[in-house]
Amino acid sequence: GAVVSQHPSRVICKSGTSVKIECRSLDFQATTMFWYRQFPKQSLMLMATSNEGSKATYEQGVEKDKFLINHASLTLSTLTVTSAHPEDSSFYICSARVAGGPAVDTQYFGPGTRLTVL
Amino acid sequence: GDSVTQMEGPVTLSEEAFLTINCTYTATGYPSLFWYVQYPGEGLQLLLKATKADDKGSNKGFEATYRKETTSFHLEKGSVQVSDSAVYFCALTRRNSGNTPLVFGKGTRLSVIA
C-alpha cells in the first residue's frame with residue numbers, strides 16, 4: 001500500500017528557533033500534499049495545500065510567513081515552523097494524494113510529528 | 001460547501017459488541033467517501049472507502065455502504081475488539097478533484113473494554 005513518512009516524529013525546541021518537518025511519499029508520486037494541524041482530542045485542521053513546483057495555498061488564518069511550505073519534488077514536501085513559540089506546539093500531520101490511477105482520490109497520511117516548543 | 005457530520009462520542013462498548021458510527025454528508029455531485037482511523041499518538045490510516053453509490057467498502061471486519069438516497073456512509077463492525085479502540089473519522093472528497101482536500105467529520109472516539 002501507499003506509505004507516507006514524516007521526520008522527525010517528535011521534536012522539542014526552544015522558543016524562537018525554527019523547526020523543519022519532512023513529509024515523503026515512499027512508494028508513489030504525489031503531485032499534491034496537504035499539511036494539517038491537530039489539537040488534543042480534536043479533528044484535523046487543514047493548514048495548506050502544497051503542489052509540486054508551485055507555491056502552497058494556505059487556509060484562511062494560517063500565516064504563510066510563519067509556516068513555510070516547500071514541495072520540491074513529487075515525493076517530498078517540507079513544513080518549516082519559523083520562530084516557533086509555545087502556542088505552535090501541536091501535532092502536525094501531512095498527507096499525500098496519489099497522482100493518478102484508480103486511487104487518485106485517496107489521501108495517505110504520515111504518522112505525524114509532535115512539536116513541543118518550550 | 002461540502003460537509004460531513006458524524007455522531008459525537010465517546011462511544012464505549014464491551015468486547016464483541018456491535019458497532020455503528022453514523023456519518024452523513026452534504027456535497028454537490030458524487031463525492032468519494034472514506035473512513036480513517038487514528039490510534040493514539042499516530043497519524044490517520046485509511047480504513048475503507050467507496051467511490052460511487054451502493055459501493056460497500058470493507059476492511060478488517062469494518063464495513064460501510066455508500067447510500068446516495070440518504071447521503072450516508074455509516075461505519076459498522078459486527079464484533080469489536082479492544083484493539084479497535086481509536087478515533088474514527090468520516091471524510092469525503094470530490095471525485096477527480098485534483099487539489100481539493102478531504103473534508104473531515106469531527107471524529108468519534110471509540111473505547112472498547114474487555
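Here is how names work: the chains are called A, B, and so on, in the same order as the sequence lines, proteins then strands, and each is numbered from 1.
A distance-only check finds no donor-acceptor pair linking the side chain of B/T93 to the backbone of A/T106 [under 3.5 Å].
Taking every heavy atom of both residues into account, A/F91 and B/E42 meet most closely at CE2-O, 3.5 Å. Here the closest non-hydrogen pair linking A/Y36 and B/P101 is OH-CB, 4.2 Å. Across A/Q38 and B/F89, no two heavy atoms sit closer than the pair NE2-CZ, 3.9 Å. Looking at every heavy atom in both residues, B/L102 comes nearest to A/Q107 through N-NE2, 3.1 Å. Pairing each heavy atom of B/G105 with each of A/S43, the nearest pair is O-OG, 3.0 Å.
Contact of the A/L44 side chain with the B/L44 side chain is registered, since non-hydrogen atoms from C-beta on lie closer than 4.5 Å.
Interface residue B/Q38: only side-chain heavy atoms are found under 4.5 Å from chain A. With a 4.5 angstrom heavy-atom cutoff, A/Q6 does not touch chain B via any of its atoms.
Residue B/L47 is not grouped with residue A/V4 when hydrophobic side chains (ILVMFWY) are merged at heavy-atom distances under 4.5 angstrom, including chains of intermediate members. When the side chains of ILVMFWY residues are joined at heavy-atom separations under 4.5 Å, either directly or via intervening members, B/Y30 and B/F73 end up in a single hydrophobic cluster. Residues B/V87 and A/F109 are members of one and the same hydrophobic cluster, defined by side-chain heavy-atom contacts under 4.5 angstrom among Ile, Leu, Val, Met, Phe, Trp and Tyr. When hydrophobic clusters are built by joining Ile, Leu, Val, Met, Phe, Trp and Tyr residues whose side-chain heavy atoms come closer than 4.5 Å, directly or via intermediates, A/M45 is not grouped with B/F34.
For B/Q81, the CD atom counts as densely surrounded, since its 6.0 Å shell holds more than 12 non-hydrogen atoms of other residues, nucleotides or ligands. Around the NZ atom of A/K20, the shell of radius 6.0 Å holds no more than 12 heavy atoms that belong to other residues, nucleotides or ligands. By the 6.0 Å contact criterion, CD on B/E15 is enclosed, its count of non-hydrogen atoms from other residues, nucleotides or ligands being greater than 12.
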